[in-house]
Amino acid sequence: MGRRKKIVQECERLMDKPENIRNIAIAAHVDHGKTTLTDNLLAGAGMISEDTAGEQLAMDTEEDEQERGITIDAANVSMTHEYEDKNHLINLIDTPGHVDFGGDVTRAMRAVDGALVVVDAVEGAMPQTETVLRQALREGVKPTLFINKVDRLISELQEGPEEMQERLLSVIHDVNELIRGMTEEMDDIEDDWTVSVEGGTVGFGSALYKWGVSMPSMQRTGMDFGDIIDLERADKRQELHERTPLSDVVLDMVCEHFPNPVDAQPRRVPRIWRGDADSDIAESMQLVDEDGDVVLMVTDIGVDPHAGEIAAGRVFSGTLEKGQELYVSGTVGTNRVQSVGIYMGGEREEVEHVPAGNIAAVTGLKDAIAGSTVSSVEMTPFESIEHISEPVITKS
Ligand code: GDP
């Protein structure tokens, strides 16, 4: 059996175990390295070749995306990662980095429970860092931080350990100021959602050279900042990558610190859905019940040259299957599901069914638009998604 087929089978097996699922987005100010990081994660999970990650930019450029039949806005991929002896299914939604795509970023946030915020170590938190954080927090999505391009601090700016530490701490401080300000008024978030090195919710590294570190990874590998500076300065980046691979550091952080759907949905559903809290459908969504009524929140409509329109979104309740007749909010009558699938490296793979807690790709929902609530019984639709945008920033 081919490697890809094996990955699809493993994803299908894990789809039924919501505790092992993480639905995440990577969000960043433009050019901070989101695409390069995403490629690293895909390569680390065996989805694309290690050698070409960073050059291949699997999720990049309009032309490439059109050629392969995926949309220029949020693309979705699923991958697996073993953490603490358990395999996890990670459904990753790529969010557009450009300010003009603000609406798509917000829609992507509706489908996920965790947002990995990427910040360039040299530039620090930028206006769109603030915007994506706000979008995540408004949707009840938990943030973690990855500080990228740390290689530049060492090799280009020739910073020593103290200077580097000071700079990284100042980035963390700025991001935490934003998080604190935004979560103050949110009474459904009881935990402290600020990020910290000690807490393991901050990673550092270089997406370009494929190495990364976090407090837990440093404890595991025994490498400290001094070792990293020495190897980076000596141009031993391959050794750095092999000793402390970026994808392991980030994917471990995702599994450990982002909530699974069973933990996230009871908190998130009241924030994004204002229907009857005592109804069966409310209970089913809170329990991530795969036997409940089907509820899908559509976050993106893509076009596949062969299959036509594909609705992608988060299944909050029930199990999606071919042949189901589903209601689409704001329209009359039902649409028949023609196929269900998941995304792998931007390509759709048809599967038998997609249960609650997952990201699904569905054909046949001809009336659905991004933002539609699609369900097996008529129901109150999800809250409309508030678009947050900011003035266009011209980089100097
Ligand atoms: P995006 O706009 O956030 O998706 O950013 P990209 O992933 O496209 O990266 C923007 C530019 O930064 C590209 O030229 C990358 O090669 C470069 N880049 C990304 N990550 C790193 C890194 O860790 N170190 C360095 N030096 N450059 C990086």
Side-chain angles (χ1 to χ4, degrees), residues 24-44 48 50-65 70-77 92-102 104-105 108 115-133 135-136 145-159 164 167-168 171 175 202-214 225 228-229 231-233 235-238 240-241 244-250 345-346 392-396:
I24 69 160
I26 301 185
H29 188 85
V30 65
D31 277 348
H32 281 200
K34 181 174 56 67
T35 314
T36 314
L37 176 65
T38 303
D39 267 11
N40 264 268
L41 302 187
L42 290 174
I48 56 174
E50 278 274 350
D51 300 336
T52 49
E55 291 148 34
Q56 186 162 344
L57 299 178
M59 299 175 100
D60 205 20
T61 82
E62 192 172 335
E63 195 179 280
D64 178 45
E65 289 190 344
I70 57 176
T71 51
I72 61 152
D73 49 19
N76 314 305
V77 296
L92 166 66
I93 294 206
D94 185 37
T95 59
H98 195 274
V99 280
D100 287 354
F101 294 138
D104 294 322
V105 177
L116 179 68
V117 178
V118 179
V119 176
D120 179 329
V122 181
E123 284 203 330
M126 292 289 281
Q128 217 200 349
T129 312
E130 180 172 349
T131 307
V132 294
L133 264 173
Q135 285 161 333
L145 175 64
F146 181 75
I147 307 183
N148 191 30
K149 306 198 188 184
V150 173
D151 61 286
R152 291 187 60 198
L153 302 185
I154 305 168
S155 302
E156 244 176 80
L157 305 183
Q158 298 280 321
E159 289 186 352
M164 240 173 84
R167 191 192 283 270
L168 297 174
V171 173
V175 168
V202 176
F204 317 91
S206 167
L208 188 61
Y209 299 117
K210 307 170 197 170
W211 59 264
V213 287
S214 64
F225 263 117
I228 288 161
I229 292 173
L231 286 167
E232 174 69 38
R233 286 225 171 110
D235 215 0
K236 290 189 177 161
R237 287 163 173 155
Q238 184 58 24
L240 250 180
H241 162 61
T244 185
L246 172 66
S247 57
D248 282 357
V249 170
V250 170
V392 174
I393 308 298
T394 318
K395 273 173 58 172
S396 53

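Read the numbers this way: they start at 1 and go in the same order the structure lists the ligands and their atoms.
Every atom of ligand 1 is numbered from 1 in the order shown, and the set under 4.0 Å from a heavy atom of Ser206 is 22 (C), 23 (O), 24 (N). Applying the 4.0 Å criterion to heavy atoms of Asp151 picks out, from ligand 1, the atoms 22 (C), 23 (O), 24 (N), 25 (C), 26 (N). For ligand 1, the atoms closer than 4.0 angstrom to any heavy atom of Arg152 are 26 (N). Every atom of ligand 1 with a heavy atom of Asp31 under 4.0 Å away is listed here by number and element: 1 (P), 2 (O), 3 (O), 5 (O), 10 (C), 12 (O). The distance from ligand 1 to the heavy atoms of Thr36 drops below 4.0 Å at these ligand atoms: 6 (P), 7 (O), 9 (O), 15 (C), 19 (C). Of all atoms in ligand 1, numbered sequentially from 1 with element shown, those under 4.0 Å from a heavy atom of Leu208 are 16 (O), 20 (N), 21 (C), 22 (C), 23 (O), 24 (N), 25 (C), 26 (N), 27 (N), 28 (C).
Backbone and side-chain nitrogen or oxygen atoms of Gly33 are examined, and one is located within less than 3.5 angstrom of a nitrogen or oxygen of ligand 1.
Counting heavy atoms closer than 4.0 Å to ligand 1, residue Lys34 contributes atoms from both its backbone and its side chain.
Smallest separation of non-hydrogen atoms from His29 and Glu123: CD2-OE1, 4.4 Å. Looking at every heavy atom in both residues, Ile26 comes nearest to Lys34 through O-CD, 3.1 Å. Contact between Gly33 and Ala207 at its shortest, heavy atoms only, is O-CB, 4.4 Å.
A side-chain donor-acceptor contact under 3.5 Å links Asn40 to the backbone of Thr36. At distances below 3.5 Å, not a single donor-acceptor pair connects side-chain atoms of His32 with backbone N or O atoms of Val119.
Listed by chain and number, the residues in a salt bridge (charged side-chain N to carboxylate O under 4.0 Å, His left out) with Asp151 amount to none (sequence neighbours excluded).
Put simply, the side chain of Val150 reaches to within 4.5 Å of the side chain of Leu168, judged on heavy atoms.
Residue nearest to atom 4 (O) of ligand 1, selected from Val30, Ile26, Thr35: Thr35 (by heavy-atom distance).
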